[in-house]
Amino acid sequence: MSTIPGQVRLSWQDPVTGEQRTPLLTCPIAFGREFARMPAELNNQRVARIVLNSSQVSRYHTLIEWVQGHIRITDQNSSNGTWVNGVLQSSCNVSNGDLLKIGPYEITLMFTLDGTGLPTAEASEQSIIQVPEPDSPVPAEPVAAPANVLPPAFQAHQVVVQDLYATRLSVEEIDYLAVGAGLGSFIWVDFLRIFGAAPQQIRALGIEDRPYARYQRLCLNSQIPPHERLRSNSDSCPDNIWGWPGYALREAWQEFNKGKLNPALQYLWQVFAEPTFAQTYTPRAGNVFASIDREAIRIGWPQIYRFGRVRAIRQTNDGRYAIAYSPGRKQTAFVIARHVHLATGYPVLQFLPDLKAYREQTRDFKSVVNAYEDHNHVYETLERQGGTVVLRGRGIVASRIIQRIHEARHRNPNISILHLMRSPKPKGNRFRKAQRPVDNHFEFQPFNWPKACWGGTLREELEQATPDQRTNLLADWGGTTTADRQDWKVIVQQGLDQGWYQITFGEVTRVVPNTQSRPTTYIQEKGPRGEIKLEADFIIDATGLDSKVKASPLLNDLVTHYNLPLNPAGRLAVANDFELLEMRNQNGRMYGAGAITFGGPYAAVDSFLGLQYTALRAVDGLVTARAPNLRRLNGIGSFWQWLRWAQNQTP
Amino acid sequence: MTPTLLGRWQTRILLMETVGLVITLLFGGGFLGNPEGSVYFWLLQYIIVFGLGWDYLYIQIQNFRWDQDWPAALQWLAAIWEAIFIVLLVEVLGIELPLIPASDWQLGWFIVHYGFVWVGVFIASQSLMRLMFPRWRFRGGQWL
Ligand SMILES: Cc1cc2nc3c(=O)[nH]c(=O)nc-3n(C[C@H](O)[C@H](O)[C@H](O)COP(=O)(O)OP(=O)(O)OC[C@H]3O[C@@H](n4cnc5c(N)ncnc54)[C@H](O)[C@@H]3O)c2cc1C
């Protein structure tokens with residue numbers, strides 16, 4: 001690809017959504033928080049204006065220009081400065097591969113002075129793969145509009161209920177419908193039951209009967225076996241709406257009953273002193289699943305759940321919603337519900353564009369894998385033959401993979417890891433008076449958001465903010481972090497000291513097979529070394545999941561059909577109680593939960609505790625709307641329901 | 001815990017004036033063989049009123065913490081400090097607080113009373129509050 005002088009390929013990871021951005025722009029290029037504050041033209045040249053959302057970014061922060069054969073960066077008197085390769089600069093020339101840091105944004109600059117041979121890597125919207133699913137009699141929706149396979153009655157803006165009966169397909173009428181039947185659905189149903197709804201008033205449609213099935217599969221793939229600990233705190237209990245007793249107390253009690261006093265006391269100390277004086281307690285995956293099984297039986301989940309792949313959702317002409325789904329191969333059935341809850345989870349997995357391209361070109365799905373896919377063959381092969389792994393991404397999943405490879409090294413010491421990071425991380429994100437800690441280029445935080453996002457000062461602040469301010473706050477609090485676990489820190493330090501674990505910084509320009517068909521990564525290092533080459537047996541992409549609603553055929557159809565607004569992160573726009581206001585239909589209400597609502601009033605939507613918060617707000621909203629059989633739960637009534645929980649009696 | 005200022009105030013007032021009050025009334029009746037009197041009741045009110053001010057300080061400190069949280073361990077340290085503050089006022093600075101005549105003040109019994117009230121309030125905040133007020137933990141300690 002040939003380019004003209006003054007063209008720069010910028011590359012950064014969005015701190016809010018984790019997406020890769022790689023625009024190719026012509027100088028001058030301006031960066032700032034407010035589009036209108038940046039100049040539209042300089043010296044009769046159009047300015048490419050890039051808006052960076054963060055309170056650490058000034059309204060007009062930095063300018064990149066093409067001056068006398070050089071690319072020059074000039075800070076525009078910003079409050080927090082412009083950093084080039086970790087050095088504060090007011091104005092300087094930059095070279096290819098240099099790293100520009102503006103607030104939480106780390107932007108790699110790639111260009112050639114004569115304008116030729118610029119790296120072509122461009123992140124595409126399509127750089128995604130499907131979330132792994134179990135073998136199912138009903139395949140996933142075709143990417144084409146699913147409405148095609150539906151009866152004409154379903155094309156209407158508001159479906160006429162009699163028309164559905166006229167199709168002679170199965171029609172069921174119900175008060176409450178949960179779409180997805182995963183953890184978000186389960187938690188909403190748990191609240192409904194405890195607030196007074198009966199099992200026969202509720203239906204949950206999904207493709208797996210255990211509510212944690214998909215979550216568990218993603219955990220196992222990303223190397224969290226049942227005895228390993230998750231990343232949520234003791235009182236994030238999907239089986240208990242009060243969060244008491246938390247998992248720490250329960251685990252301490254189990255250990256105590258086995259006569260093991262030391263671990264029991266340790267868990268109690270952890271929840272007492274975390275995170276300041278002790279490592280944060282997190283529950284074992286197996287214990288969480290077992291507790292959900294118990295609660296599922298208690299609230300009658302087996303009666304509530306139905307197998308079905310949901311195809312489309314419409315309003316009805318009588319103030320309800322019609323849902324078309326496939327209960328089996330080539331079958332269609334309908335549910336008509338007064339109130340609907342959408343919790344369909346991540347539609348797709350994000351895959352690094354260069355890796356996706358490698359797989360498509362080579363059809364080799366074994367050596368280049370996504371951490372959320374089943375990739376046990378990688379560890380099995382390594383344990384048998386030894387080898388080198390290139391690891392991409394530095395979040396919690398990367399930590400788990402390092403731990404897994406550390407274990408594999410006990411069987412075969414000839415295994416090494418090249419951890420490829422885009423840029424060094426000398427300092428953590430800053431927000432007002434506080435800063436996030438960093439060690440060995442890993443940024444630490446007990447959970448995926450600062451704790452106060454769940455129920456403290458930060459939750460309140462985000463809820464009260466405008467949509468623009470929300471994006472700023474999310475950028476300040478977001479970014480990739482891992483948990484501050486002592487065992488992980490020791491493994492990383494040992495690996496660095498012994499040389500089997502190495503960190504390399506650079507921007508990947510391409511990944512191609514070498515003569516022995518092993519994946520070879522070419523990276524652009526800054527400075528004179530230029531391009532270097534990393535050969536490996538496997539590449540593991542641990543960079544993340546994605547939840548843009550457009551990637552889900554079901555949600556995409558809903559958004560298009562009703563012209564629903566999306567929030568700035570490209571997810572469903574919801575009110576503070578998670579209602580999709582535009583879908584309100586007389587008394588009928590529709591709510592969203594989980595990753596599909598990220599970017600709105602609440603940061604931690606994709607977590608157990610966040611799903612409980614969301615469900616509580618939504619069910620409170622339904623109580624206000626006088627939904628059938630629900631009453632507000634508080635005080636003695638709440639305590640009474642807890643006693644029933646404690647005795648394992650139906651709500 | 002991740003309290004907000006309003007949440008701190010509401011929780012402090014509620015728990016002190018319920019759980020704390022019951023314990024205080026027992027002390028007022030001399031249930032541990034302590035001298036009877038209204039002094040415990042007034043001390044409780046002082047603990048609450050000073051506490052409202054301390055809560056403001058704690059919220060400022062929270063802003064320096066990345067997670068803006070307040071672990072149980074810090075709750076205890078704060079509680080110990082609040083007791084020391086009252087002892088400093090009375091014992092070291094010799095200030096006679098209105099409604100607390102010097103003759104009724106006894107350091108030993110103050111510590112015992114304060115200890116009982118605080119442990120009672122702490123246990124209730126860790127358990128009963130959550131069970132009676134399911135929204136409390138999401139609203140930084142606001143129960144109203
Ligand atoms: C590896 C991993 C670890 C995590 N660890 C933690 C943790 O430690 N602590 C924590 O609090 N959070 C954690 N999370 C985040 C979060 O709690 C989980 O992702 C949780 O499963 C989200 O619930 P959900 O209901 O939004 O999605 P899911 O549980 O995935 O449920 C969505 C369901 O909808 C179904 N579905 C989608 N489309 C359709 C359709 N058209 N028709 C029928 N069914 C459909 C799917 O099959 C799926 O079963 C983790 C997430 C991951 C991926």
Fill in: Atom pair OG1/CD of B:Thr4 and A:Glu461 - distance to nearest 0.5 Å
12.5 Å
Worksheet item: Taking atom CG of A:Leu458 and atom OG1 of B:Thr2, what is their separation to the nearest 0.5 Å?
Response: 8.5 Å
Worksheet, complete the sentence: Ordered numerically, the heavy-atom neighbours of chain A under 4.5 Å found in residues 131-144 of chain B are B:Leu131, B:Met132, B:Phe133, B:Pro134, B:Arg135, B:Arg137, B:Phe138, B:Arg139, B:Gly140, B:Gln142
Worksheet item: If you look at every heavy atom in B:Arg130 and A:Trp242, which pair is closest and at what distance?
Response: O-CD1, 3.3 Å
Worksheet entry | A:Pro446 to B:Asp67 - nearest heavy-atom pair and separation | CD-OD2, 3.3 Å
Which one wins on heavy-atom pair count under 4.5 Å against chain B: [options]?
options                                : result
A:Trp454, A:Phe639, A:Trp269           : A:Phe639
A:Leu643, A:Val271, A:Ile636, A:Asn429 : A:Asn429
A:Arg459, A:Arg436, A:Gln612, A:Glu274 : A:Arg436
A:Trp244, A:Trp477, A:Trp642, A:Phe272 : A:Phe272

Practice prompt. Please check if atom CZ in B:Phe50 has more than 12 non-hydrogen atoms from other residues, nucleotides or ligands closer than 6.0 Å.
Written response: yes
Worksheet entry | Whether over 12 other heavy atoms sit under 6.0 Å from B:Tyr58 OH | yes
Worksheet item: Does one side chain, of A:Gln435 or B:Trp66, offer a donor that lies under 3.5 Å from an acceptor on the other?
Response: no
Worksheet item: If you measure only the distance, is there a donor-acceptor pair under 3.5 Å linking the side chains of A:Thr276 and B:Arg65?
Response: yes
Worksheet item: A:Phe431 versus B:Gln68: any side-chain heavy-atom pair under 4.5 Å?
Response: yes
Worksheet entry | Part of B:Leu128 lying under 4.5 Å from any heavy atom of chain A | side chain
Worksheet item: Salt bridge check: are B:Asp69 and A:Lys451 linked by an N-O gap of less than 4.0 Å?
Response: yes
Worksheet item: Where on A:Arg430 is there a heavy atom nearer than 4.5 Å to chain B: the side chain, the backbone, both, or neither?
Response: backbone
